[in-house]
Colleague: 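If you scroll down you'll find the structure; I have some questions about it.
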Amino acid sequence: MERNYQLIARHIYNNKLKDALDVLKGLVIHSRKGDYISQYESLDDTYENLLKYTVEGIDDPQREKIYQHTRVSVLELADLALQYAYMNDSDQYIYRLKKKIEFESKQIKDEAINSIENLAFDEELSDVLESSLETETNKKEEYQNHQEVLVKIFNLILLTDKFKDADLKLINTIWEANNFPWYEQSIIISALTLSSFRCFDVRKIELLIDYTLNENDQIKQRALVGLFLNLYIYNKRISFFPDLIEKIKTLADYNDIEKNIELIAIQLLKSKETEKITKKLEEEILPEMVKYQPILKDKLDLDNILSSDYMDDKNPDWERVFEDAPDLLDKLQEISKLQMEGADVFMSAFSRLKHFEFFNEITNWFRPFHTDNFVINEVLDKEEENFNTSLFLDGLSKSFFMCNSDKYSFCLNIQYMPELQKSMMLEMFNAELEGLREIQEEDEILNKSTRIKSIYSQYIQDLYRFYKLHPLRGEFKDIFNLKLDFYYCDFFTTLVKDDDILRNIGEFFFEKDYYEQALEIYLLLNSKGNNNLEIFEKIGYSYQKLKNYKEALSFYRKAELFEANRAWNLKKLALCNRHLKNYEESLKYYLEAEKIEPDNLYIQTYIGHSYLDLKQYDEALKYYFKVEFTADENRKVLRPIAWCSFVLGKFEKAKEYFERLMENEANKYDFMNLGHVEWCLGDRKAALKNYKTSINREDNNLKSFMGSFEEDKKYLIQFGIKESEITFMIDYLKYLL
């Protein structure tokens, strides 16, 4: 069903309306709803008549308007038919709940309409509002009753496909009701956002736009996140609604809209790093903190100063816009850095603390953390002896580094902690909060900026936890699996005019090694006339990392015209030519780079490689010996020295170097090559032994061995070994295996 729905949309966007109608027919039948079948037949007749009148040459000034209206109507009907088809066939909880609400709404309403009627719940809401004026006789019961109403409203909004006037009335009532504070209105924003993800509706998006103008930062910034994601997801769809487009344009008058879009974009992109950070924390940082030993040699990794990754080095002159490289001498500082940048460092720890009954209700995954929360106060009232509850909650609510969902997990888990651990933890936490308060008081401007950024980061992390950890996550399309190439979207190009923001987003992609997206942004900037050196270099580098060496060369050559960073650029030109098998051109660039950096081991090594590629083995050996002499701790250079010595007939020298490799660096090819050398020295038994060792390696087998052996056979023949002897050796080897 989903595949057919997406096919309908593609046909509509590609102006293949008849094809879209043909696919829609099956989806409508699948929905088993008579109204939809009638609507489909009407749309099909309308389009057939439009085509007939057009072919007959009848002039109709309304033709284009009717055509566009039909396209929109097909998409709208497809939205509804898909949801009803799922409701009929799916056993998912969300559709069973939708079916229940649909059934209840039919009992309430006088007429059978498609959207959910909310007036019955409005009456219940009114009762709650009236009761709030009375003396509190049972606070817990009243809280629970109110939450039940909130949950019903959340589910109604979430599961309503297309909003009607009754739905808008309910939402407006919530905004006008004193008994729905900002933190519950924020939950409604999440319901609206998820509802729009589930089923497109112009009215939902218009509401999100309206709420971006709310005076409360928590509400308007959540609305902006929801709006951003919906405008990205429905970029093509929105082009059919001119009035909506005009309303989106009015956001240009919004104070700091460009900066807000940048903050949302960067935080959404950071969410893509969460799995990497979680893995790094669990496999690298936390174990290292446990077993940390201050051994200078290990900490500085002195054994690997000349890394084989030199070919992938980024230009050291590039500004690191999003610096989060770890300080390997201080793992705690690395965690702090990640925290300060808004990285999601707590996903690993708190993913295990979502089992509390509190999280059984979807609304609580989107509940902002606030000090007067009944559930949390009830839990912490028992902890009064350990700490000041009000001070603790106030501090935790203002903390920037933990998302709302994790704050609830943290508080709910306190009651299960051992007393000693609890006291120590709370003492440290309160000291940390006190320090944070002092920093905030010192710089009110920084505090405002940081608070705004933290609302975005915390809310997006709340969303991330819902889509990654909620038991029903499989029933929702994971928005965090989207490519997030929003920089192509109409809303982005309409509202973001500052190319520095586009550049910052590109830099984030680049720093995090998302080269495809970084390249797309750099090319956009280049098409806008940004022709500076760094743009050319980074376009070239991105193409190189994507293994498009031809295009990389093109931009490295443009960068070469600037004369700056010449040595780095020459190395890249050489490397790309080498990948393209332009060995002479590659050598030329490496020799040019050598003149600028004569002591650079990377350049020396690759000049050796270039001569090796050109089969100029004597010249290659000269450079490999230089590298060996300068960096004798690097064992990898022994391999090309041994090979060049072999192909030059210097068998004793080759044997010496291969045997040195055997101490700790030998691979399957080294044993095979040593076998060649031993055979050429006349020791067939030693050759056989090494061949057998090579084949028996875990990463090798006879078939793979034979493929490599065939390539080397010409050298054995060149050095006087008869082809018949080679045949006998291979056959005997097969017997031994």
Colleague: Ring pair (Phe, Tyr, Trp, His ring centres under 6.0 Å) for F359 and Y408? Distances and angles first, verdict last.
Modeller: CA-CA 9 Å; F359 291 108; Y408 283 112; 7.3 Å; no
Colleague: Return the set of residues passing salt bridge (charged side-chain N to carboxylate O under 4.0 Å, His left out) with K272 (not counting sequence neighbours), or none when no residue passes.
Modeller: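 Once residues adjacent in sequence are excluded, K272 has no partner under the salt bridge (charged side-chain N to carboxylate O under 4.0 Å, His left out) criterion.
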Colleague: Between K152 and E148, is there a salt bridge with N-O shorter than 4.0 Å?
Modeller: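 Not counted as a salt bridge, because no side-chain N and carboxylate O are separated by less than 4.0 Å.
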Colleague: Within the 3.5 Å criterion, strictly below it, is a donor on Y515 or D513 matched to an acceptor on the partner's side chain?
Modeller: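 Indeed, the side chains of Y515 and D513 share at least one donor-acceptor pair under 3.5 Å.
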Colleague: Stepwise, does the side chain to side chain donor-acceptor pair (under 3.5 Å) test hold for E262 with N504?
Modeller: CA-CA 8 Å; E262 179 184 9; N504 287 346; 2.8 Å; yes
Colleague: State, to 0.1 Å, how close I94 and E475 come at their nearest heavy-atom pair, and which atoms those are.
Modeller: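 Heavy atoms only, the tightest pair is N-OE1, 2.8 Å.
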Colleague: If you look only at pairs with a residue in residues 185-197, which of them pass as a salt bridge (Lys or Arg N to Asp or Glu O under 4.0 Å), with sequence neighbours excluded?
Modeller: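 Listed once each, the pairs would be none.
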Colleague: Of the non-hydrogen atoms in L227 and L208, which two are nearest, and what is the gap between them?
Modeller: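 Reported closest heavy-atom pair: N-CD1, 4.0 Å.
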Colleague: Assign the ring pair F350 / F410 to parallel, tilted or perpendicular, where the plane angle (0 to 90°) is split at 30° and 60°.
Modeller: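 Ring orientation, 0 to 90° scale: perpendicular.
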Colleague: Once you measure the plane-to-plane angle for F486 and F492, does it fall in the parallel (<30°), tilted (30-60°) or perpendicular (>60°) bin?
Modeller: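 Tilted, since the angle between the ring planes falls between 30° and 60°.
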Colleague: Just checking, is any N or O donor in the side chain of N260 or Y456 under 3.5 Å from an acceptor N or O on the other one?
Modeller: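 Result is yes, a qualifying pair exists.
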Colleague: Indicate whether the side chain of Y95 and that of Q83 have a donor and an acceptor atom separated by less than 3.5 Å.
Modeller: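 Yes, a side-chain donor-acceptor pair sits under 3.5 Å.
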Colleague: Taking only residues two or more places apart in sequence or in another chain, which ones pass side chain to side chain donor-acceptor pair (under 3.5 Å) with K483?
Modeller: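 Only E516, E520 meet the side chain to side chain donor-acceptor pair (under 3.5 Å) criterion with K483.
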Colleague: Check for a donor-acceptor pair, side chain of Q415 on one end and backbone N or O of L412 on the other, with a separation under 3.5 Å.
Modeller: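 Answer holds: yes.
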Colleague: For the pair K162 and D79, find out whether any cationic side-chain nitrogen is under 4.0 Å from an anionic carboxylate oxygen.
Modeller: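 Answer for the salt bridge query: yes.
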Colleague: Between Y234 and S196, does any side-chain donor sit less than 3.5 Å from a side-chain acceptor?
Modeller: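 There is no such pair between these side chains.
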Colleague: Return the set of residues passing salt bridge (charged side-chain N to carboxylate O under 4.0 Å, His left out) with R203 (not counting sequence neighbours), or none when no residue passes.
Modeller: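 Salt bridge (charged side-chain N to carboxylate O under 4.0 Å, His left out) list for R203, sorted by chain: D165.
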Colleague: Between C199 and L159, is any pair of side-chain heavy atoms under 4.5 Å apart?
Modeller: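 Heavy-atom side-chain distance check fails, nothing below 4.5 Å.
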Colleague: Which heavy atom in C489 sits nearest to a heavy atom in Y232, and how many Å separate them?
Modeller: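 Reported closest heavy-atom pair: SG-CD1, 3.5 Å.
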Colleague: Decide whether Y464 and Q267 meet the rule of one side-chain donor and one side-chain acceptor closer than 3.5 Å.
Modeller: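 Short answer, no.
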Colleague: Against the six-membered ring of F163, is K204 placed for a cation-pi contact (under 6.0 Å from the centre, within 45° of the normal)?
Modeller: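 The answer is yes, since K204 meets both limits relative to F163.
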Colleague: Kindly write out the residues that satisfy side-chain contact (heavy atoms from CB on, under 4.5 Å) with H355, not counting sequence neighbours, or none if the list is empty.
Modeller: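 Residues passing side-chain contact (heavy atoms from CB on, under 4.5 Å) with H355: L353.
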Colleague: How close do G506 and A518 get, counting heavy atoms only, and between which atoms?
Modeller: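 For G506 versus A518, the nearest heavy atoms are O-CB, 3.9 Å.
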Colleague: So, applying side-chain hydrogen bond (donor to acceptor under 3.5 Å, both in side chains) with D406, which one of Q461, Q458, K354 is it?
Modeller: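 Result: among Q461, Q458, K354, K354 is the only option passing the side-chain hydrogen bond (donor to acceptor under 3.5 Å, both in side chains) with D406.
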Colleague: Would you call D498 and R503 a salt bridge, taking side-chain N to carboxylate O under 4.0 Å as the test?
Modeller: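 Result for this pair is no, no salt bridge flagged.
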Colleague: Quick test of your reading of the model: are D462 and R367 salt-bridged, counting only N-O distances below 4.0 Å?
Modeller: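 Salt bridge flag = no for R367 with D462.
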Colleague: I need the minimum non-hydrogen distance between I205 and L231, along with the two atoms involved.
Modeller: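 Looking at all heavy atoms of both residues, the shortest contact is CG2-CD2, 4.1 Å.
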Colleague: Is it the case that atom NZ in K468 sees more than 12 heavy atoms from other parts of the structure closer than 6.0 Å?
Modeller: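 Yes.
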Colleague: Of all the heavy-atom pairs spanning S397 and T371, show the shortest one and how long it is.
Modeller: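 Distance-wise, the nearest heavy atoms are OG-CG2, 3.9 Å.
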Colleague: Got more than 12 heavy atoms from elsewhere within 6.0 Å of CD, E2?
Modeller: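 Check passes, neighbour count above 12.
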Colleague: Measure the spacing between CD1 of I187 and CD1 of I189 and express it to the nearest 0.5 Å.
Modeller: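 So the gap between those two atoms works out to 11.5 Å.
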Colleague: In chain order, what residues pass the side chain to side chain donor-acceptor pair (under 3.5 Å) check against D372, with sequence neighbours excluded?
Modeller: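 D372 satisfies side chain to side chain donor-acceptor pair (under 3.5 Å) with Y183, H370 once adjacent residues are dropped.
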Colleague: Does the gap between the ring centers of F228 and F491 come in under 6.0 Å?
Modeller: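 Yes: the rings meet the under 6.0 Å criterion.
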